[in-house]
Amino acid sequence: MTGQTSLSKSALLIIDVQQSFEHMPYWPSGQLAPFQQALLKLEAGCRAVGVPVVHIFHIDDDAPFRADSGLIRAMDWLPGEPAARFDKHVHNAFTDTGLDNWLRRQGVQRLIISGIRTEQCCETTARVGSDLGYAVDFVSEATLTFPMTHKGTGQTFSARDITTRTELVLADRFARILNVDTCLSSL
């Protein structure tokens with residue numbers, strides 16, 4: 001469902017912006033400024049107009065993502081308490097989390113997607129959200145991913161390549177692709 005109306009109630013989903021990632025070997029310390037600035041602007045803009053902010057955290061068997069790791073919490077720079085928090089064990093934020101029920105009880109019809117990893121949990125949540133009937137705004141500049149090397153060909157894809165591919169496959173099928181300013185102006 002990609003059609004949007006300015007009258008639909010929105011919720012900002014901040015996916016996996018958790019301390020676990022800071023302990024992964026691919027974590028790009030020192031290269032976070034554009035993502036961090038975009039997400040902070042998006043989060044502040046949503047809060048200013050009463051859009052609920054929802055934190056989603058990933059838990060699995062990898063050491064930094066284990067429930068007992070002490071790292072399943074928001075990165076230190078992310079301010080404020082969320083309206084709700086959900087823990088997930090798969091790539092999308094809906095399966096077995098209660099998120100869909102919470103959103104429907106709140107009257108939310110439109111999801112604003114942000115967080116970490118663009119092509120994994122953010123993209124998968126956008127697809128599932130669309131399939132569940134939500135209008136979806138995918139705010140690429142408020143998502144983060146990392147370079148990846150194709151195991152078969154050895155070709156390395158930059159974070160920009162991966163984000164561009166995600167935008168290509170989501171656009172006009174599962175989501176509107178927006179920047180922070182356009183997203184905020186449509187609230």
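Throughout, numbering of the chain's residues begins at 1 and tracks the sequence.
- Salt-bridge formation is detected for the pair Arg110/Asp137: a Lys NZ or Arg NE/NH1/NH2 atom is positioned less than 4.0 Å from an Asp or Glu carboxylate oxygen.
- A single hydrophobic cluster is seen to contain both Phe174 and Leu99, as judged by linkage of ILVMFWY side chains at heavy-atom distances under 4.5 Å, directly or through other members.
- Ring pair His58/Phe65 is perpendicular by interplanar angle, where above 60° counts as perpendicular and below 30° as parallel.
- With Gln155 contributing its side chain and Thr149 its backbone, the two residues share no donor-acceptor pair below 3.5 Å.
- Taking the charged nitrogens against the carboxylate oxygens, Glu81 and Arg47 have no contact shorter than 4.0 Å, which rules out a salt bridge.
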Report the C-alpha separation of Thr145 and Cys122 in whole Å, then their side-chain angles, then the decisive distance to 0.1 Å, and conclude whether the side-chain contact (heavy atoms from CB on, under 4.5 Å) test is met.
CA-CA 10 Å; Thr145 195; Cys122 295; over 6 Å; no

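- The backbone N or O of Ala126 sits nowhere less than 3.5 Å from a side-chain atom of Ser130 that would complete a donor-acceptor pair.
- Between the side chain of Asp60 and the main chain of Asp62, a donor-acceptor pair closer than 3.5 Å is present.
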Chi angles and distances behind the side-chain contact (heavy atoms from CB on, under 4.5 Å) call for Leu103, Leu111:
CA-CA 9 Å; Leu103 292 167; Leu111 306 177; 3.7 Å; yes

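- Under 3.5 Å, the side chains of Glu119 and Thr166 contain no donor-acceptor pair of N or O atoms.
- Side chain of Thr182 to main chain of Asn179: no donor-acceptor pair is present (N/O by atom type, distance under 3.5 Å, no hydrogens or angles).
- Aromatic ring pairs are classed by plane angle as parallel below 30°, tilted from 30° to 60° and perpendicular above 60°; the pair Trp102 and Phe86 is perpendicular.
- For Asp68, the CG atom sits in a packed shell: over 12 heavy atoms of surrounding residues, nucleotides or ligands are nearer than 6.0 Å.
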Could you walk me through whether His89 and Thr95 pass side-chain contact (heavy atoms from CB on, under 4.5 Å), step by step?
CA-CA 8 Å; His89 299 88; Thr95 302; over 6 Å; no

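- Side-chain atoms of Gln120 and Asp16 form no donor-acceptor pair, as typed in the model, at a separation below 3.5 Å.
- Counting heavy atoms from C-beta outward, Phe94 and Thr124 have side chains that stay 4.5 Å or more apart.
- Side-chain atoms of Ser20 come within 3.5 Å of backbone N or O of Leu71 as a donor-acceptor pair.
- Taking the ring axis of Tyr26 as reference, the NZ or CZ atom of Arg117 stays within 45° of it and closer than 6.0 Å to the ring centre.
- Between the side chain of Thr164 and the main chain of Arg160, a donor-acceptor pair closer than 3.5 Å is present.
- The number of heavy atoms from other shown groups lying within 6.0 Å of CG (Asp96) does not exceed 12.
- Between the side chain of Arg176 and the backbone N or O of Val139 there is no donor-acceptor pair closer than 3.5 Å.
- Scanning both residues, Asp181 and Glu141, for their nearest heavy atoms gives N-OE2, 4.4 Å.
- A salt bridge links Arg165 with Glu123: the distance from a Lys NZ or Arg NE/NH1/NH2 to an Asp or Glu carboxylate oxygen falls below 4.0 Å.
- For the pair Asp131 (side chain) and Val128 (backbone), a donor-acceptor distance under 3.5 Å is absent.
- You'll find the side chain of Arg127 reaches within 4.5 Å of the side chain of Leu170, heavy atoms only.
- Arg104 and Asp100 are joined by a salt bridge, as a carboxylate oxygen and a charged side-chain nitrogen come within less than 4.0 angstrom of each other.
- With Ile116 as the partner, the side-chain contact (heavy atoms from CB on, under 4.5 Å) test is satisfied by one option alone out of Thr143, Val17, Ile15: Val17.
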Does the pair Lys88 and Cys121 meet the rule for a side-chain contact (heavy atoms from CB on, under 4.5 Å), with working shown?
CA-CA 10 Å; Lys88 63 183 182 60; Cys121 298; 3.1 Å; yes

